[in-house]
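Below is one structure, written out as structure tokens, with a few remarks after it.
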Amino acid sequence: MSLITTVSAWIIPCFILIVLLTATYKRIPTYETFVEGGKEGVKLAFSLLPFLVGMLVSIAILQASGAMAAFIHLIEPALTFVGVPPDVLPLALVRPISGTAALGMTADLIETFGPDSFIGRLASTMQGSTDTTLYILTVYFGAVGIKKMRYALKVGLLADLIGIIASIVIVTIVFG
Amino acid sequence: MVNYIWACMAIIGIVYAMFNGTMEDVNKALFESADSAVTLSIGLISVLVFWLGMMKVAEAAGILKFLIRIFRPIIEKLFPDIPRDHPAMGYILSNIVANMFGLGNAATPMGIKAMEQMKVLSGTDTASRSMITFLAINTSGLTLVPTTVIAIRMQYDSVSPTEIVGTTIITSLIATMSALIIDRYYYYKSVRRDNK
């Protein structure tokens, strides 16, 4: 496993090294090309702003009102019945909606139950193996001005559901 | 659909707050979240500028083309409507590689570039088939190294912070496979509907 962490730390600097070596060898004006590409980044960040403000505000209203917590409380008995610890439910619901909120919840679960507990491992796997569908949709489609997203949201949310179910099943098999 | 979800989240929240007496919290959250969204966008500038700049150099140096050549067989199967040598292929690939190593920050700019190129191909403001497949792969969270989670586990003194790497890989493999199958299902469904 230390190999994987080493690879993770080396991959970006090594990628940059290869890019700059190759580009210099091919006599490409590296710095000027970099600056040219970077300018697009500035424009992009600003064009994303309204999309992010809109989405984050709506999510915040839902959470702050207590409606999200009430919904979770409502379906808690059904979950306990099928053997899912209710404590991970808020995480499962929030994961597709808000990445930072999900990360906060994962940290909270790990702190409360311990990183090596069943819930700690389940929360870790859930957090690591799914992604923030609404954020990705907002950013990617927003950046290029896609207005009709057809079946994209359905696919994303269904994949999240399967990922969450899979994480419960796999963690139960491996660590249960 | 996103219009409904967006409006519904806010409407449900506000109506619920009326009965729950949490209107003050909602009021506060409203402005705080708008504020944090702006901070987030501004915070993205550094990453976007750096990676888009670097990717431009990589593109000029022909590295993206080289990557495409290696992985062409797989990518071609997943994105049949993108021409073989189109730059979109290179960006899609870089995005997927960055995601696998848990480099979310590096993945986003490349994903956006990939979308841009796919929009050039489709030329409309409607999501194309390949765009949705690309999103399906992204949102199902294809991961090899969940870097952030490992960091959190270390912080809370886990005996083995990386023990969840195995379960994460298996889970995200299942999720990504399912996402691709679901994506295909809805695609063929929409094709059938158009033919009627």
Side-chain angles (χ1 to χ4, degrees), chain A residues 1 4 8 11 19 22-23 26 28 30 33-34 37-38 40-41 44-45 48-49 52-53 56-58 60-62 64-67 107 110-111 115-116 121 124-125 127-131 133 136 140 143-153 155-156 158-159 162-163 166-167 170-171 174, chain B residues 1 6 9-10 12-13 16-17 20 22 25-26 29 33-34 37 40-41 44-45 48-49 52-53 56-58 60-61 63 101 111-112 115-116 119 125-127 132 135-136 138-141 143 145-147 149 152-153 156 158-159 162 164 167-168 170-172 174-175 178-179 182-183 186:
Chain A
M1 280 310 156
I4 293 178
S8 306
I11 187 156
V19 168
T22 320
K26 288 190 177 170
I28 286 157
T30 47
T33 315
F34 174 85
E40 288 174 42
L44 197 60
L48 280 177
L49 224 155
L52 282 172
V53 171
L56 292 187
V57 166
S58 194
I61 293 174
L62 192 67
S65 68
I110 288 176
E111 190 184 14
D116 303 314
R121 287 163 171 161
S124 306
T125 305
Q127 172 71 28
S129 62
T130 50
D131 217 321
T133 300
I136 293 178
Y140 284 9
V144 297
I146 295 297
K147 298 209 173 67
K148 293 182 197 111
M149 48 176 77
R150 294 167 73 204
Y151 51 90
L153 189 62
V155 175
L158 281 172
I162 291 174
S167 65
I170 301 290
V171 172
V174 176
Chain B
M1 187 140 172
W6 184 70
M9 287 195 296
I12 292 172
Y16 189 86
N20 201 25
T22 42
D25 298 322
V26 168
S33 61
L40 185 63
S41 308
L44 275 176
I45 291 182
L48 286 173
V49 168
L52 289 182
K56 193 98 181 172
V57 180
I63 288 175
F101 285 92
I112 292 172
M115 278 292 174
E116 252 169 29
K119 202 191 174 189
D125 60 357
T126 305
I132 300 178
L135 276 174
N138 259 283
T139 61
S140 62
T143 312
V145 191
T147 338
V149 175
I152 294 178
R153 294 175 62 82
Y156 290 107
S158 167
V159 180
T162 49
I164 45 86
T167 49
T168 304
I170 300 170
T171 306
S172 64
I174 295 174
S178 319
I182 298 167
D183 170 56
Y186 279 112

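Below, read A as the first sequence line, B as the second, and so on, with proteins coming before strands; counting in each chain starts at 1.
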Most heavy-atom pairs under 4.5 Å with chain B, out of A/S167, A/G128, A/P115, belong to A/P115
Okay, A/I28 and chain B: the region with an atom under 4.5 Å from a heavy atom over there is side chain
The interface call for B/I112 against chain A, heavy-atom contacts under 4.5 Å, is both
Turns out that what part of B/N20 lies under 4.5 Å from chain A's heavy atoms comes down to side chain
If you tally heavy-atom pairs under 4.5 Å between each of B/S140, B/A58, B/A37 and chain A, the highest tally belongs to B/A37
Turns out that what part of A/T130 lies under 4.5 Å from chain B's heavy atoms comes down to backbone
Greatest number of non-hydrogen atom pairs under 4.5 angstrom with chain B, of A/V171, A/I110, A/L49, falls to A/L49
Whatever's closer than 4.5 Å to a heavy atom in chain B on A/V174 counts as side chain
Counting N and O atoms only, with roles assigned by atom type, does the side chain of A/S58 sit under 3.5 Å from a partner on the main chain of B/W6, one being a donor and the other an acceptor? yes
When every non-hydrogen atom of A/I146 is compared with those of B/K119, the smallest separation belongs to CD1-CG, 4.3 Å
Review point. Taking atom types as modelled, is there a side-chain donor on A/T125 or B/T171 under 3.5 Å from an acceptor on the other?
Key: no
Chain A shares the most heavy-atom pairs under 4.5 Å, among B/A175, B/A179, B/G111, with B/G111
Counting heavy-atom pairs under 4.5 Å with chain A, the top scorer among B/A136, B/A17, B/A29, B/A10 is B/A10
One option among A/T30, A/L158, A/D131 has the most heavy-atom pairs under 4.5 Å with chain B, and it is A/D131
When the 4.5 angstrom heavy-atom criterion is applied to B/I170 and chain A, the contacting part is side chain
The interface call for B/V49 against chain A, heavy-atom contacts under 4.5 Å, is both
**Item:** From CA spacing to verdict: side-chain contact (heavy atoms from CB on, under 4.5 Å), B/I132, A/M149
**Value:** CA-CA 8 Å; B/I132 300 178; A/M149 48 176 77; over 6 Å; no
When rounded to the nearest 0.5 Å, the distance separating CD1 of A/I162 from CD1 of B/I174 is 10.0 Å
So OH of A/Y140 and CG of B/L135: to nearest 0.5 Å the spacing works out to 8.0 Å
> Given side chains that start at C-beta, do those of B/T126 and A/R150 come closer than 4.5 Å, heavy atoms only?
Replying inline: yes
Looking only at A/A143, A/S65, A/G41, the option with the highest number of non-hydrogen pairs under 4.5 Å against chain B is A/S65
Hits for side-chain hydrogen bond (donor to acceptor under 3.5 Å, both in side chains) against B/T139, two or more places apart or cross-chain, chain-then-number order -> none
Q. Would you say A/K147's side chain and B/D125's backbone share a donor-acceptor pair under 3.5 angstrom?
A. no
Looking only at heavy atoms, the pair that brings B/A60 and A/T33 closest together is CB-CG2, 4.3 Å
Note: vs chain B, highest number of non-hydrogen pairs under 4.5 angstrom among A/A159, A/A60, A/A64 is A/A64
Ranked by heavy-atom pairs below 4.5 Å to chain A, first place among B/D25, B/I45, B/I12, B/V57 goes to B/V57
- prompt: Just checking, any donor-acceptor pair under 3.5 angstrom between side chains of B/T167 and A/R121?
  reply: no
Donor-acceptor pair, A/S129 side chain versus B/T168 backbone, under 3.5 Å?
no
